[in-house]
Amino acid sequence: MTETLQQPPLTLAEEARAALGRRNLVLIGLMGAGKSAIGRLTAQALGIPFIDSDHEIERVSRMSITDLFAAYGEEEFRALETRVIKRLLRTGPRVVSTGGGAYINERTRKHIKRGGLTVWLKADLDVLWERVNKRDTRPLLKTENPRQTLENLMNARYPVYAEADLTVMSRDVKKETMVEEVLAAIASTRRNAGSE
Ligand SMILES: Nc1ncnc2c1ncn2[C@@H]1O[C@H](COP(=O)(O)OP(=O)(O)O)[C@@H](O)[C@H]1O
Ligand SMILES: O=C(O)C1=C[C@@H](OP(=O)(O)O)[C@@H](O)[C@H](O)C1
Ligand SMILES: [Mg+2]
């Protein structure tokens, strides 16, 4: 008689991890969407390394993002961002949280598309504004009407973010809930692949 060995069902994190394989998970979206915070927790859940591209840019330049913008301007910042992200995506699997403008830059977007599975953390203006107006670490929002600036960025960028592989709605729920939704979105790519 043959005995069928029953395996315990995979957890959501295990399913997502299997779906990711050796690819990197790249979080994209506007400032305040939660890329840095949710990225870190998602990496923990998946048991893989986490890197925030802004943090890495600050580490290699030994300057804050604010000082980099002030000293060299946005164009130089984007060039450095492209190089850093290209390098970060060379090995995987990792979770890489990008700065909000990274995916909007054509060259950086090419590297991201080649280097990983992208998740867009999408959020309403009110959610983003609530979060970003508490801090002044974002040079692009140092304008006369930062809320309007954020709205303008939304209008310009959302069509580009929409090219992401997966979209998860970021809102005011527990961070753990956001992580679960990101994991579920990744895991769904495996189930979909399996049913083809
Ligand atoms: N689901 C959430 N609920 C409440 N606060 C959140 C949530 N996700 C992120 N935040 C907070 O919002 C702020 C901006 O998040 P952050 O991860 O820095 O966004 P991003 O990297 O996309 O700009 C942080 O203070 C973070 O702790
Ligand atoms: O949207 C942008 O162009 C930027 C977003 C920031 O990162 P977060 O999205 O993590 O705030 C940071 O890279 C820089 O201030 C520029
Ligand atoms: Mg961030």
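These figures come from a predicted structure and were not determined experimentally. Read the numbers this way: they start at 1 and go in the same order the structure lists the ligands and their atoms.
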Do Met178 and Leu41 pass the side chain to side chain contact (heavy atoms under 4.5 Å, CB included) test, and can you show the C-alpha distance, the side-chain angles, and the key distance before you say yes or no? CA-CA 9 Å; Met178 289 305 311; Leu41 296 173; over 6 Å; no
Glu56 and Arg59: salt bridge (charged side-chain N to carboxylate O under 4.0 Å, His left out), yes or no, with the steps? CA-CA 5 Å; Glu56 184 63 11; Arg59 192 184 69 80; 2.9 Å; yes
Working for ring-ring contact (aromatic ring centres under 6.0 Å, His included), residues Tyr103 and Trp120: CA-CA 10 Å; Tyr103 195 73; Trp120 174 22; 9.3 Å; no
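Across the listed options Lys35, Arg135, Arg131, Glu58, Lys35 owns the non-hydrogen atom lying nearest to atom 9 (O) of ligand 2. The closest non-hydrogen atom to atom 18 (O) of ligand 1, taken over Arg138, Arg131, Glu130, Lys35, comes from Arg138.
Between Gly101 and ligand 2, at least one pair of N/O atoms sits closer than 3.5 Å. Of the N or O atoms in Gly100, one or more lie within a sub-3.5 Å distance of an N or O in ligand 2.
With a heavy-atom cut-off of 4.0 Å, Arg135 does not touch ligand 1 at all. Neither the backbone nor the side chain of Val132 has any atom closer than 4.0 Å to an atom of ligand 1 (non-hydrogen atoms only). Neither the backbone nor the side chain of Ile104 has a heavy atom within less than 4.0 Å of ligand 2. Of the heavy atoms in Met178, only side-chain atoms (C-beta onward) come closer than 4.0 Å to ligand 1. Within the 4.0 Å heavy-atom criterion, neither part of Lys142 lies near ligand 2. Residue Arg157 touches ligand 2 through its side chain alone, judged by heavy-atom distances below 4.0 Å. Proximity of Asp52 to ligand 1, defined as any heavy-atom pair under 4.0 Å, is not found for any part of the residue. In Glu176, neither the side chain nor the backbone holds a heavy atom less than 4.0 Å from any atom of ligand 1.
In the vicinity of Ile65, heavy-atom distances shorter than 4.0 Å reach the ligand 2 atoms 14 (C), 15 (O). The distance from ligand 1 to the heavy atoms of Met31 drops below 4.0 Å at these ligand atoms: 23 (O). Every atom of ligand 2 is numbered from 1 in the order shown, and the set under 4.0 Å from a heavy atom of Pro139 is 15 (O). Atoms of ligand 2 found under 4.0 Å from any heavy atom of Arg138, numbered from 1 in the order shown, are 11 (O). Each of the following atoms of ligand 1 lies closer than 4.0 Å to a heavy atom of Val173: 1 (N), 2 (C), 3 (N). In the vicinity of Arg171, heavy-atom distances shorter than 4.0 Å reach the ligand 1 atoms 1 (N). Taking a cut-off of under 4.0 Å to the non-hydrogen atoms of Leu30, the atoms of ligand 1 that pass are 22 (O). Residue Ala37 approaches ligand 1 through these ligand atoms, each under 4.0 Å from one of its heavy atoms: 17 (O). Close contacts between ligand 2 and Leu140 involve ligand atoms 2 (C), 3 (O) [criterion: under 4.0 Å to a heavy atom]. If you number the atoms of ligand 2 from 1 as listed, the ones under 4.0 Å from a heavy atom of Met31 come out as 1 (O), 5 (C), 9 (O), 11 (O). The ligand atoms of ligand 2 that sit less than 4.0 angstrom from a heavy atom of Phe77 are 13 (O).
Two residues are said to be in side-chain contact when any heavy atoms from C-beta on lie closer than 4.5 Å; Arg171 and Asp124 fail this criterion. Counting heavy atoms from C-beta outward, Lys142 and Thr149 have side chains that stay 4.5 Å or more apart. Put simply, the side chain of Trp129 reaches to within 4.5 Å of the side chain of Leu150, judged on heavy atoms.
Follow the hydrophobic side-chain contacts under 4.5 Å out from Leu128 and you never reach Leu27; the two are in separate clusters.
Distances from ligand 1 to the non-hydrogen atoms of Ala33 include at least one value under 4.0 Å.
The pair Glu81-Arg78 meets the salt-bridge criterion, with a side-chain N (NZ, NE, NH1 or NH2) lying under 4.0 Å from an Asp/Glu carboxylate O.
In this structure, atom 25 (O) of ligand 1 is not in close contact with the protein, since no protein heavy atom lies within 4.0 Å of it.
Among the backbone and side-chain atoms of Ser36, an N, O or S atom lies under 2.8 Å from the Mg ion (ligand 3).
Atom 6 (C) of ligand 2 has its closest protein heavy atom at Asp54 OD2, 3.6 Å.
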